[in-house]
Amino acid sequence: MTIVATDSPAAPARRAFTLRGYVPLFPPFAVLLLFFAVPIGMMIGISVQDPKTSQFSMASYQRFLTDGLIIAGLFRTILMSGLVAICVTVMAYPVAYFLARSTSRWRAVVFALAIAPELAGVVLRTYGWLIILEDRGFVNDALIWLGFVSSPLPLAKNLFGVVVGLTHVVLPFGILALLTSIQGIDPNIEKAAQILGASRLSVIRHILLPLSIPGIVSSLLISFTMAASAYATPALLGGARFKVLATMIFEQIMFYINWPMAAVMAIVLLVLMLAITFAGGRVETRLHKKLNI
Amino acid sequence: MNRLLSGLFWISLCLILAFITLPLLVVVAASLSPSSTVTFSPADWTMKWYAALWASKWLDPFILSAKIAVIVSLVSGVLGALGAYAIAYEKCPGSEAIMAFLLSPLAVPQIVKGVAIVIFLSSAGLYALLGTPGLIAAHIVLTLPFAARMIATSIYNFDKNLDRAAQILGASKWQRIRHVLLPLIKPGVFSGMTFAFIISFNNIPLSVFLVRPGQTTLPITVINYMEYSLDPVLAAVNVASLIFILATIFLFEKLGGFSAQIHGGSK
């Protein structure tokens with residue numbers, strides 16, 4: 001082990017660490033302080049001001065808790081995000097499983113198809129769903145032509161449309177979360193069970209699903225948080241009647257010019273995100289311990 | 001039973017892939033269709049919607065978005081590299097807490113960051129910064145964590161022995177950074193910058209608060225237009241900007257050669 005000696009030239013450099021090492025951090029820290037930390041602090045400050053007199057007041061928090069429309073918006077946000085989380089995870093699972101296990105040359109194609117929409121941005125995809133789902137869109141035209149329905153089904157401008165659009169937006173992230181988890185499962189366990197006579201179904205039920213629970217949890221988590229904080233898709237596919245926290249925040253700033261109310265809504269959304277991420281993180285670590293991964 | 005299951009698996013896989021590609025195909029077909037009814041027969045296709053893009057109504061927002069995205073990707077690349085250098089190369093004490101601070105904007109939803117920045121600029125008397133300067137600042141906050149993380153990863157993966165070899169051979173610190181570290185982490189820096197470019201160019205939730213008349217980015221122009229019309233010209237705008245993004249990725253890849261890193265083949 002004489003190689004160890006060659007380590008020594010680097011050692012003095014480490015010992016000689018001084019405050020100069022922090023200098024490169026100054027520009028990124030300055031930018032984040034000025035345009036992130038200070039604004040967030042100011043937002044919290046404004047949330048406890050009266051909208052008219054700027055005096056200290058908890059009025060906006062009170063209104064958040066008592067205004068039926070706002071509470072409805074909060075529950076709509078949670079319902080929408082929960083549905084998106086479930087749809088994304090259910091749809092991402094087969095794709096992730098295929099990507100984790102396949103060795104065929106189609107793997108690259110499927111991977112590209114699964115990830116590429118992310119480059120297209122939310123506007124393009126939302127526009128695509130609008131022309132597919134609107135009253136005179138694609139699906140309704142086809143259904144009427146086939147004679148299944150006589151008048152167009154309400155597919156856009158409601159919960160259904162938003163869930164479809166958001167599922168499409170979030171799906172690649174669900175696939176990546178599950179892919180990492182399934183890749184970590186030893187394929188030999190599945191093979192062993194099959195050799196011992198387990199049916200495909202019991203392999204899925206007793207091996208694949210239990211072992212991929214951490215991946216399922218992280219897919220649910222990332223989908224929920226992405227859906228709850230999405231703005232453009234609910235705004236465009238939800239229409240005027242389907243309001244969620246994100247679109248209500250925008251209205252408070254742009255139309256009602258009520259900063260304290262917007263700040264309170266933003267803080268509630270932020271706390272919701274942090275709580276879910278924290279709780280999900282706890283569940284994940286516990287699962288990892290339990291599964292010994 | 002097993003047959004049925006694997007049949008179901010393949011069918012669901014195909015349906016899900018169809019779900020993923022459907023809106024993209026529809027938008028491409030819509031951009032080529034002569035009227036607002038989408039047609040899939042190439043014989044009827046026309047380029048007239050693309051010709052309509054050559055007007056300042058679409059060109060100005062496009063140029064603004066591209067300009068902002070270029071500035072944001074350069075600044076985020078430099079700031080991210082500085083942060084990653086201190087954390088991953090110098091390994092300054094407390095580097096974990098510092099990294100957590102650099103990544104902290106990721107924990108905050110974009111719409112919340114947008115509200116915070118617009119309240120800050122307006123109440124600190126910085127109205128003048130609304131519009132392009134505010135957009136650039138907000139996009140930097142958004143993209144800096146991604147750039148810092150990607151560059152830090154590539155510094156962690158970089159072979160420290162090369163650096164030691166250069167040191168033993170008498171290279172100064174600056175020479176080692178310039179001729180050893182930077183060339184080797186170039187793919188990481190470029191992938192961080194590409195990421196920043198795409199995020200900035202497509203951004204809505206932050207931009208929506210910060211645009212002002214005459215300084216509106218392309219995605220915001222498109223969603224404002226979508227509120228009252230679903231004209232096929234929108235399909236053409238969307239497809240054109242997707243092509244622009246793909247071309248930029250290609251260009252960045254040529255300059256930085258980061259595809260090897262993405263495929264996990266970093267040496």
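Below, chain A is the first sequence line, B the second, and so on; all start at residue 1.
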Counting only heavy atoms closer than 4.5 Å, note whether [X] contacts chain A via side chain, backbone, both or neither.
X: B:A30; result: side chain
X: B:F101; result: both
X: B:I245; result: side chain

Show, in sequence, the C-alpha distance, side-chain angles and deciding distance for A:M42 and B:S123, and conclude whether the side chain to side chain contact (heavy atoms under 4.5 Å, CB included) test is met. CA-CA 9 Å; A:M42 253 177 160; B:S123 53; 3.8 Å; yes
Could you measure the distance from the [atom1] atom of [X] to the [atom2] atom of [Y]? Nearest 0.5 Å is fine.
X: A:L119; Y: B:N202; atom1: CG; atom2: CG; value: 8.5 Å
X: B:I111; Y: A:M248; atom1: CD1; atom2: CE; value: 11.5 Å
X: B:I20; Y: A:T167; atom1: CD1; atom2: OG1; value: 11.0 Å
X: A:L25; Y: B:L102; atom1: CG; atom2: CG; value: 6.5 Å
X: A:L171; Y: B:I16; atom1: CG; atom2: CD1; value: 7.5 Å
X: A:W106; Y: B:L13; atom1: CH2; atom2: CG; value: 11.5 Å

Among the listed options [options], the residue most often paired with chain A at heavy-atom distances under 4.5 Å:
options: B:L246, B:V118, B:V208; value: B:V208
options: B:V28, B:I140, B:I198, B:I117; value: B:I117
options: B:V239, B:L234, B:I87; value: B:L234
options: B:G83, B:S76, B:P205, B:G80; value: B:G83
options: B:L242, B:V112, B:T21; value: B:V112
options: B:A148, B:A235, B:A84; value: B:A235

Exam field: side chain A:Y231 to backbone B:Q110, donor-acceptor pair closer than 3.5 Å: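 Absent.
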Treating A:Y22 as the side-chain partner and B:P93 as the backbone partner, does any N or O pair qualify as donor plus acceptor under 3.5 Å?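 Looks like yes, one N/O pair under 3.5 Å.
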Taking side chain as everything from C-beta outward and backbone as N, CA, C, O, which of these in [X] sits under 4.5 Å from a heavy atom of chain B? Side chain, backbone, both or neither.
X: A:E134; result: side chain
X: A:V23; result: neither
X: A:M91; result: both
X: A:L113; result: both
X: A:Y93; result: neither

If the plane angle is over 60° it's perpendicular, under 30° parallel, otherwise tilted; pick one for A:H168 and B:F19.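 Perpendicular: the ring planes of A:H168 and B:F19 meet at over 60°.
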Which of [options] touches chain B most, by non-hydrogen pairs under 4.5 Å:
options: A:E118, A:M254, A:M226; result: A:M254
options: A:I40, A:V31, A:L236, A:L34; result: A:L236
options: A:G121, A:P28, A:G128; result: A:P28
options: A:W129, A:F26, A:Y97, A:F250; result: A:W129

Measure across [X] and [Y] and return the closest heavy-atom pair with its distance rounded to 0.1 Å.
X: A:V123; Y: B:P219; result: CG2-CB, 3.9 Å
X: A:R125; Y: B:P23; result: O-CB, 4.2 Å
X: A:L32; Y: B:P105; result: CD2-CG, 3.9 Å
X: A:Y127; Y: B:V27; result: CD2-CG2, 3.9 Å

Quick check on the 6.0 Å ring-centre criterion: do B:F9 and A:F98 meet it?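 Judged by ring-centre distance (under 6.0 Å), B:F9 and A:F98 do not meet the cut-off.
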More than 12 heavy atoms of other residues, nucleotides or ligands under 6.0 Å from CZ of B:F244: is that the case?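 Enclosed.
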Just wondering, are more than 12 heavy atoms of other shown residues or ligands nearer than 6.0 Å to CZ in A:R205?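 Not more than 12 within 6.0 Å, no.
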Please output the side-chain donor-acceptor pairs of residues 259-272 of chain A that fall under 3.5 Å, not counting sequence neighbours, one pair per line with the distance.
none

